[in-house]
Amino acid sequence: QQDDCKPTRCYKHGPTIRFPFRQKNHHPQHCGYPGFDLSCSPNSATLLNLPNSVEFQVTNIDYTSQYISIKDPDRCFIRQLQNLNLSTTPFQFANDYLVDFSFFSCPSTRQAFPLSRFPCISGDGHEVYAGFGSTSTGYTDLKSCRKMYTVRSVPRGVYYYGVFHVHYLKWPDQVCGKCEGEGKFCRFVNNSNSDELECYNPGDWKRPLAIAGVTGSYLLLVILIAMYLFHRQKKIKREDHLKIERFLKDYRALKPARYSYTDIKKITNQFKDKVGQGGYGTVYRGQLSNDVHVAVKILNNTKGNEEDFINEVRIIGKIHHINVIRFVGYCADELKRALIYEFLPNDSLKKFASSDHNKHLLGWKKLLEIVLGIAKGIEYLHLGCDQQILHFDINPHNILLDENLNPKITDFGQAKLYSKEQSVVSMTSARGTIGYIAPEVFSRNFGNVSYKSDIYSLGMLLLEMVGGKKNSDVMSNNTNQIYFPEWIYIRLDSGEELGNVIQDEEDAKIAKKLAIVGLWCIQWYPVDRPSMHVVIQMLEGDGDTLIKPPNPFVSTNPTMVPGQASGTAKGLINKKLEVIVEHDQ
Ligand SMILES: Nc1ncnc2c1ncn2[C@@H]1O[C@H](COP(=O)(O)OP(=O)(O)OP(=O)(O)O)[C@@H](O)[C@H]1O
């Protein structure tokens, strides 16, 4: 209800209209004291409406001093005086010197001097003059004039200052004088039309507005925050969705998929980044999406490669192990063939096998971890899949390292699948890399080909890591050069240190453990080699209880290898390789 009485103005700089005044047709009756009606003219002037249709323009309202400044809107103040009867209003002129004066209508031909002339109320053929008092007594010049009317108790200035002057009306002190004097506003008690007035703090009507304002702003803030949260949530959801989409795209890609050669060009950015060259092809770095980096091996278009291609896709395509490279896909567009793998940024183990400096950087502890990883990967291939997978080409080239130097077995071109029940497998041609091939793969005279052939290769890799020599060095023509696994055996036997990069006892212990395990793995006869499970146990144990294996380098029955002086490993490896055909067992 208080809002109904909110102060108003007729125009921006016009006087404020509030209790005891009210704006007619705007404020309800209770907002103003009786007789204090103001209205706004069509040209936005503030008008005081008094009885007898008297209207003054209000130029100012001084609520504290309780007076208003008035003037005639038509610039003829004097005209209003005829109908003005302030006794029926709450107002009276504020001027302390009030006078009565009378108006006279004189013929235009006559100058009623020294009376004041008021042209704004004069008419055709007559002039209006005014003189003090209620009669024409004393004014000799008014003989031919007619007295019109007398106004009483009007400010003397009306007479002297003509029609334009601003005059002041005041209202009785009891109407709000006390409140305004205290710096407060006033209103009817309970905002009703009762006669009783009360003072109130202007803040009181402002407070609800202020509260409304604060509540409004608060609400607006809450709405804005809610909108922000809603949009953020939507954005997060959209991002989540994109993330899932990206993941699914990558996931689809991680299930080995077939790619066209055009895809391959896109993935490798037109073969921009070559990362390696192998015997069967060139390797390029590529990217499937923002998250998946891949290595793309473009196979040489040479005869025999197709076997490796089929083998690789068939075998590695369906296995997953932390120590086996992840196969991403392949391309077989007519003669263009490619294999796509996860990208491994740390090159192959060869880098560390052949350099004391790199091995030093790696450290023996990490080396042990790597060897253990390879052993676990091989064990998985042998036992962890539907079929037994024999790799037949375990060597440092085929062990790649990821960003954390975790080893990953790669290159399944030589691998073969067998049923798990088969303890002995058939093989029609020698496979593998010279220096790492088990004797039985060359000749069944040394035993049957089986998973133990991979164990032999691992043993060779292990000894190479310990000895720091290239295994294939044994193929050099320098026959005086001692076969390096034998060199390791001799040093182990005599209790000498095993490498140049051993720094402390811990290193020495690991080197010794790796050497013993390696020598067990390269036992001449497969039956003497441990299974991968036992190899893992030996590598995980503390090494002190490990027993040195029998010397694998003593002469074996020379008749077993036709045309060869000795059946030792060195002799075998130095021999020209021949393919030995074996029948299925
Ligand atoms: N997945 C991979 N991530 C990163 N680099 C790789 C990857 N695969 C291969 N490379 C790089 O490419 C080189 C050649 O690899 P590739 O497998 O073709 O050759 P290799 O094993 O050395 O020889 P071969 O072809 O005779 O088996 C590797 O030495 C390595 O540096």
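Read the numbers this way: they start at 1 and go in the same order the structure lists the ligands and their atoms.
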Exercise. Quick one: sort the Tyr261 and Phe271 rings into parallel, tilted or perpendicular, breaks at 30° and 60°.
Key: tilted
Practice problem: Please say whether more than 12 non-hydrogen atoms of neighbouring residues, nucleotides or ligands are located less than 6.0 Å from CD in Gln277. | Solution: yes
Quiz item: How are the rings of His13 and Tyr11 set relative to one another: parallel (under 30°), tilted (30 to 60°) or perpendicular (over 60°)?
Solution: perpendicular
Practice problem: Not counting sequence neighbours, list each pair that qualifies as a side chain to side chain donor-acceptor pair (under 3.5 Å) and has a residue in residues 392-401. | Solution: Asp393-Asn395, Asp393-Asn398, Asp393-Thr433, Asn395-Thr433
Exercise. Mind jotting down which protein residues get a heavy-atom contact under 4.0 Å with ligand 1? Chain and number order, please.
Key: Val275, Gly276, Gln277, Gly278, Gly279, Tyr280, Val283, Ala295, Lys297, Ile325, Tyr341, Glu342, Phe343, Leu344, Asp347, His397, Asn398, Leu400, Asp411
Self-check item: Spacing of CG belonging to Leu368 relative to CG belonging to Asp507, to within rounding of 0.5 Å
Solution: 11.0 Å
Exercise. Salt-bridge test for Arg529 and Glu440: reply yes if a basic N is under 4.0 Å from a carboxylate O, no otherwise.
Key: yes
